[in-house]
Protein chains: 2
Amino acid sequence: MIRFVLAEDQGLVRGALAALLRLETDLQLVGEASDGEQAWRLLRDLKPDLLVTDIEMPGLTGLELAQRVQRHGLATRVVIVTTFGRAGYLRRALDAGVSGYLLKDAPAERLADALRTVHRGGRAIDPELAVEAWGESDPLTDRERQVLRLAGEGLGAQEIAEQLNLSHGTVRNYLSEAIGKLGVGNRIEAYRLAHQKGWL
Amino acid sequence: MIRFVLAEDQGLVRGALAALLRLETDLQLVGEASDGEQAWRLLRDLKPDLLVTDIEMPGLTGLELAQRVQRHGLATRVVIVTTFGRAGYLRRALDAGVSGYLLKDAPAERLADALRTVHRGGRAIDPELAVEAWGESDPLTDRERQVLRLAGEGLGAQEIAEQLNLSHGTVRNYLSEAIGKLGVGNRIEAYRLAHQKGWL
DNA sequence: CGGCGGTGGTGACAGCTGTCAGCCGCGCAG
DNA sequence: CTGCGCGGCTGACAGCTGTCACCACCGCCG
């Protein structure tokens, strides 16, 4: 019997996935969480075999959750289930030691199989992503990422500088750097591209 | 027996929702579609009682699907199930004659009940949105929307002007108008706000 | 008819953006 | 120790952005 916890913020999707997985007789859903913090508490209390989690959730993201599992040396294996086929996400997920990474686009039958594979000690990585992931890698520095994130929210150089305790000239240099590295023409395109690649 | 078709592009979510709804003995899933065109064909061929659909799908969106159902006078009632609690979406959905509008955040139990309510001739609108929807309405003109959409993709005033056959000064006037109407400080914030409200 | 709103335009101005060259200080490999 | 790279900063410049005032045309409502 494979004991697992399910973390997903959208109630309807969580309920639906639960229904789907309850059809499998060798899988046992021992807990559900609608945010990262709650999921973490369940992991500590229930010590399940597997965690099935989304990435984008309030509080802790699925990636951060995976990092914690790794750092605390829990035996729980992590399977990410997400909308986003961003290479950067998979990259970070693998660094955080996750055992599975599925897209919500995948056929439903794949999920249960993936959980069994992972429980046996294997890996279940969405094949299309696997190739792409080790292609282009994030060329941005930490600072460039921070600056780009804020720029994407509509802040000006001056405002970004205040938030990061930098001079506004420095902020503009970072933006210019990022724009150049990404081969685009302005901060908006740079933000969109970096976001879409999962680098933000 | 309530006969329904399910349209949702994410395979995993579709499969999971199907599993959830198959647990209900008075509901019968007669067809599944992963895009709008396919859903439309199913509607014409199967004449189901209900259509349960996402909004954002390749090909035809759920909103466009609802409009077609309305224009062709099908007896099928439409229930939208979406991630986006944007007032503008609900507004357009109601204009298109949909009978239900649920958020994926909602608890899973609500879905089956909503389908029954709608089948009985009632409506099932997510309560939080219902209030909000008739509050603030889209203050933007068509031109302002067009310009904002392009600005959001990172185009400059000059480029937008070329695409729309306007002068770059006019484009800047529209952007300034939109920024003012939305009470924000620049095009990026304006785009984000309009997008988030479902006005784009 | 007059007025109003949407569309399209001009010119001017201040301020922001993107680019570049160059400077400083720190830490680390040679 | 010297030199290099990196993070941070500055100043200057051209070009883009946001704002404003003002003009013209159309169509529709009262």
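Worth saying up front: this structure is predicted, and the values here are computed from it rather than measured. The chains referred to below are lettered A, B, ... by the order of the sequence lines, with proteins before strands, and numbering in each begins at 1.
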Is the shortest side-chain N/O distance from [X] to OP1 or OP2 of [N] below 4.0 Å?
X: Arg143(B); N: dG8(C); result: yes
X: Tyr174(A); N: dG8(D); result: yes
X: Ser176(A); N: dT19(C); result: yes

Exercise for the section: Look at the side chain of Arg192(A) and the backbone N and O of Gly152(B), then say whether any donor-acceptor pair between them is shorter than 3.5 Å. Expected result: yes

Practice task
Return yes if some donor-acceptor pair links the side-chain N/O of Lys181(B) with the main-chain N/O of Pro139(B) below 3.5 Å, else return no.
Solution key: yes

Let me know the distance between [atom1] of [X] and [atom2] of [N], rounded to the nearest Å.
X: Leu164(A); N: dG8(D); atom1: CG; atom2: C1'; result: 13 Å
X: Leu175(A); N: dC20(C); atom1: CG; atom2: P; result: 15 Å
X: Ile160(A); N: dC16(C); atom1: CD1; atom2: P; result: 13 Å
X: Gln146(B); N: dG6(C); atom1: CD; atom2: P; result: 15 Å
X: His168(B); N: dA12(C); atom1: NE2; atom2: P; result: 12 Å
X: Glu177(A); N: dG5(D); atom1: CD; atom2: P; result: 14 Å
X: Gln158(A); N: dT17(C); atom1: CD; atom2: C1'; result: 13 Å
X: Leu150(B); N: dT17(D); atom1: CG; atom2: P; result: 13 Å

Handout entry: Check: Asn173(B) side chain, dT10(C) base, donor-acceptor under 3.5 Å
Key = yes

Would you indicate whether the side-chain heavy atoms of [Y] and [X] approach each other to under 4.5 Å?
X: Leu17(B); Y: Val52(B); result: no
X: Val78(B); Y: Leu65(B); result: no
X: Leu175(A); Y: Thr170(A); result: no

Practice task
Could you check whether Gly169(A) gets within reach of a base, just the sugar-phosphate, or nothing at all, counting any heavy atom under 4.0 Å?
Solution key: base

Identify which nucleotide among [options] has an atom closest to any side-chain atom of [X], counting heavy atoms from C-beta outward.
X: Ile179(A); options: dG9(C), dT7(C), dT19(C); answer: dT19(C)
X: Thr141(B); options: dT19(C), dG7(D), dT7(C); answer: dT7(C)
X: Leu166(A); options: dT19(C), dT19(D), dG8(D); answer: dG8(D)
X: Thr170(B); options: dT19(D), dG8(C), dT7(C); answer: dG8(C)

Handout entry: Close residues, residues 181-196 of chain A, relative to DNA chain C [heavy-atom separation under 4.0 Å]
Key = Asn186(A), Arg187(A)

Handout entry: NZ/NE/NH1/NH2 to OD/OE distance under 4.0 Å, Asp49(A) and Arg77(A)
Key = no

Exercise for the section: Determine, using the 4.5 Å side-chain heavy-atom cutoff (strictly less than), whether Leu150(A) and Val184(A) are members of one ILVMFWY cluster. Expected result: yes

